[in-house]
Amino acid sequence: MAAKGRIPTVYPFREFVEAGGLMAYSIDQAEIYRRLANLIDKILRGANPGDIPFYQPTKFELSINLKTAKALGFEMPAMLLGRADEVIE
């Protein structure tokens with residue numbers, strides 16, 4: 001719907017950008033899953049869930065799809081492209 005309406009969008013996961021979305025600013029999901037596995041392991045080994053510290057993501061990734069930007073008629077600033085973690089052409 002966003003592409004049909006030529007509406008620029010920012011998505012929560014990079015998979016949306018791979019599928020044709022314009023941009024995503026997302027957490028590093030692999031890191032989150034690793035931490036989740038460690039938490040589950042601690043709980044299964046008998047740790048009290050209330051004693052386990054809460055983790056808040058600190059690493060975020062910026063992904064940009066240049067093909068989509070071109071289709072929407074946008075020219076992405078070089079500064080933004082330079083800061084992106086992944087640029088899909």
Side-chain angles (χ1 to χ4, degrees):
M1 286 180 25
K4 286 181 183 179
R6 298 178 49 86
I7 300 169
T9 53
V10 178
Y11 294 97
F13 301 110
R14 67 184 285 276
E15 287 79 12
F16 287 97
V17 175
E18 292 172 354
L22 179 61
M23 295 173 57
Y25 189 64
S26 61
I27 58 173
D28 182 1
Q29 287 186 324
E31 179 186 356
I32 296 298
Y33 291 137
R34 280 191 298 275
R35 289 186 176 273
L36 179 61
N38 287 334
L39 290 175
I40 292 170
D41 179 59
K42 288 179 183 180
I43 291 169
L44 292 176
R45 291 178 189 263
N48 181 357
D51 295 338
I52 299 173
F54 180 78
Y55 172 76
Q56 195 167 5
T58 56
K59 181 181 178 192
F60 295 87
E61 299 175 338
L62 175 62
S63 304
I64 300 172
N65 189 325
L66 288 180
K67 185 177 178 182
T68 302
K70 185 177 180 180
L72 292 172
F74 295 122
E75 186 171 326
M76 297 303 240
M79 185 175 191
L80 183 62
L81 293 174
R83 296 201 59 144
D85 296 294
E86 180 180 19
V87 177
I88 298 171
E89 296 194 40

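Nothing here was measured: the structure is a model prediction, and the numbers come from that model.
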Q: Sort and list the pairs that fulfil side-chain hydrogen bond (donor to acceptor under 3.5 Å, both in side chains) and have at least one residue in residues 11-24, not counting sequence neighbours.
A: T9-Y11, R14-E18, R14-E86
(Q) Quick test of your reading: applying salt bridge (charged side-chain N to carboxylate O under 4.0 Å, His left out), list the pairs with at least one residue in residues 55-79, sequence neighbours left out, ordered by first then second residue. (A) D28-K59
Q | Set of salt bridge (charged side-chain N to carboxylate O under 4.0 Å, His left out) partners for R34, sequence neighbours left out | A |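 Here no residue qualifies.
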Q. Is M76 isolated, or which residues cluster with it under the ILVMFWY side-chain rule of less than 4.5 Å, directly or via members?
A.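 Besides M76, the cluster holds V10, L22, M23, Y25, I27, I32, Y55, F60, L62, I64, L66, L72, F74, L80, L81, V87.
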Q. Who else is in I88's hydrophobic cluster (ILVMFWY, side-chain heavy atoms under 4.5 Å, direct or via others)?
A.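 When side chains under 4.5 Å apart are linked, the cluster holding I88 also contains V17.
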Q) Mind checking what makes side chain to side chain donor-acceptor pair (under 3.5 Å) contact with D41, not counting sequence neighbours? A) R45
**Q.** Atom of A47, atom of I52 and distance for their closest heavy-atom approach
**A.** CB-CD1, 4.3 Å
Q | Shortest non-hydrogen contact from S26 toward P12 | A | CB-O, 2.9 Å
